[in-house]
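Report on one structure; see the data block that follows.
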Amino acid sequence: MYGRGAWEDGNQSSLGEFILLGVSDRPQLELLLFVLILISYSMTLLGNTTIIVVSWLDPHLHTPMYFFLSNLSFLDLCYTTSVGPQMLLNFHSSHKSISWAGCVAQLYISLSLGCTECLLLAIMAYDRYAAICQPLRYTAIMSRHLCLQLAATAWLCSFGNSMLQTILTLRLPRCGRNQIKHLFCEVPALLKLACVDISANEAELLASAVIFLLVPLGLILVSYGYIGAAVLKIRSSKGRLKAFNTCASHLAVVSLFYGTGIFMYLQPPSSYSQHRGTMVSLFYTMVTPMLNPLIYTLRNKEVHGALQRALRRNVTI
């Protein structure tokens, strides 16, 4: 029998499974989503891998900004891979299921990486603040040791929070319910399966969303407030344009990721809508990771130069 395996009434069975309904009520949409997600996933792999390799190989990009950008690209690769292949498989199959263990892994990994991205984007905003507002002290402020500490803290805090969220979500009794109205295992959709009062879980999820969404977003806005004031003091229009271009890419990524994340996690699960939730979660798990490399490279002369140098080396070889 489906769905008897998720820490339900204290009995755990690794043989249980969940049915991911997704958009099964709209079969004509499945083929379209399959093609779009396949294209998106392929572009995500190509774009983010390129940024990681170029940032690693080119000495000109061995700076804090590209260290954090490489972290973001690696995170996006893992984030998309944690949900993308399973969605493609289910679109192509008539039996749209995922094992209990697979659901636990997907929930834990995707939530961990999503929280890490929230913190990492805030750290990148601080890096831009130090570069523009404290240019003479930038190297001393953003030392290699501090960069490693900040990145490690973001990863460790996020994976710790995700462990708590995963346990609290999957220990809820579901009374045999195993049909998830979503494309993958995510906290709001799983809470809808509970057959007990989930007000405590909703409160805990809201607190976590405030810590990992609103607090970092507030720090980003404060950083850019100082950055804006510093940019206005630059007398050279060329200097102002360069500073603006450096920050515009990051602001675009912040708007895309935080906008959809806040819409998804700062509403009570009781008011969670299947179709709206599905489309919004597709955006921050598949679309944003695909757009990040494009946003960071289209107007970035340093990355263009690094790519040209890499191509010239390959041609010479």
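Note that the structure is predicted; figures quoted are calculated from it, not measured.
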Quick one: pull up [atom1] in [X] and [atom2] in [Y] and give me the separation to the nearest 0.5 Å.
| X | Y | atom1 | atom2 | answer |
| --- | --- | --- | --- | --- |
| Phe18 | Arg177 | CZ | CZ | 12.5 Å |
| Ile51 | Ser70 | CD1 | OG | 8.0 Å |
| Arg144 | His62 | CZ | NE2 | 9.5 Å |
| Leu191 | Leu172 | CG | CG | 6.5 Å |
| Ile132 | Ile227 | CD1 | CD1 | 5.0 Å |
| Leu113 | Leu75 | CG | CG | 5.0 Å |

Hey, quick one: are [X] and [Y] part of the same hydrophobic cluster, counting side-chain heavy atoms closer than 4.5 Å, chains of contacts allowed?
| X | Y | answer |
| --- | --- | --- |
| Phe34 | Leu282 | yes |
| Val253 | Val287 | yes |
| Met286 | Leu36 | yes |
| Val210 | Leu111 | yes |
| Met87 | Val35 | yes |

Closest contact, heavy atoms only, [X] versus [Y]:
| X | Y | result |
| --- | --- | --- |
| Ala130 | Met142 | CB-CG, 4.0 Å |
| Gln86 | Ser97 | NE2-O, 3.3 Å |
| Phe257 | Gly114 | CZ-O, 3.5 Å |
| Thr260 | Val280 | O-CG1, 3.4 Å |
| Ile295 | Ala252 | CG2-CB, 4.0 Å |
| Thr169 | Leu190 | CG2-CB, 3.7 Å |

task: Taking Asn48 for its side chain and Met290 for its backbone only, find out whether a donor-acceptor pair lies under 3.5 Å.
output: no
- request: Mark yes or no for whether Asp58, through its side chain, and Val54, through its backbone, hold a donor-acceptor pair below 3.5 Å.
  value: no
Does the side chain of [Y] come within less than 4.5 Å of [X]'s, by heavy atoms?
| X | Y | value |
| --- | --- | --- |
| Leu77 | Ile52 | yes |
| Ile262 | Leu214 | yes |
| Leu256 | Phe283 | yes |
| Asn292 | Ser73 | no |
| Leu88 | Ile37 | yes |
| Ser223 | Arg128 | no |
| Glu202 | Leu205 | no |
| Cys185 | Ile98 | yes |

- prompt: Are Phe212 and Tyr265 close enough that their ring centres sit under 6.0 Å apart?
  reply: no
field: Parallel, tilted or perpendicular, as decided by the 30° and 60° cut-offs, for the rings of Trp155 and Phe74
entry: tilted
query: Is the Phe184 ring parallel, tilted or perpendicular to the His182 ring (thresholds 30°, 60°)?
result: tilted
- request: Start with the C-alpha gap between Leu217 and Val254, add the side-chain angles, then the distance that decides, and say whether side chain to side chain contact (heavy atoms under 4.5 Å, CB included) holds.
  value: CA-CA 8 Å; Leu217 180 59; Val254 166; 4.1 Å; yes
- request: Check step by step if side chain to side chain contact (heavy atoms under 4.5 Å, CB included) holds for Gln165 and Glu204.
  value: CA-CA 8 Å; Gln165 291 285 345; Glu204 200 281 329; 2.7 Å; yes
- request: Take Leu20 and Gln179, measure what side chain to side chain contact (heavy atoms under 4.5 Å, CB included) needs, and give me the verdict at the end.
  value: CA-CA 6 Å; Leu20 295 166; Gln179 295 188 342; over 6 Å; no
Is it the case that [X] and [Y] place a side-chain donor and acceptor less than 3.5 Å from each other?
| X | Y | answer |
| --- | --- | --- |
| Glu186 | Gln106 | no |
| Asn161 | Ser208 | yes |
| Tyr138 | Asp127 | yes |
| Thr288 | Tyr79 | no |
| Gln134 | Tyr226 | no |

message: Pair Glu17, Lys96 - check salt bridge (Lys or Arg N to Asp or Glu O under 4.0 Å), show working.
response: CA-CA 10 Å; Glu17 65 178 356; Lys96 305 177 188 304; over 6 Å; no
- request: Output, in order, the C-alpha distance, side-chain angles, deciding distance and verdict of side chain to side chain contact (heavy atoms under 4.5 Å, CB included) for Leu148 and Leu146.
  value: CA-CA 5 Å; Leu148 290 172; Leu146 179 63; over 6 Å; no
- request: Only one of Tyr129, Tyr224, Tyr258 passes ring-ring contact (aromatic ring centres under 6.0 Å, His included) with His250; say which it is.
  value: Tyr224
query: Is the distance between the SG atoms of Cys157 and Cys115 less than 2.5 Å?
result: no
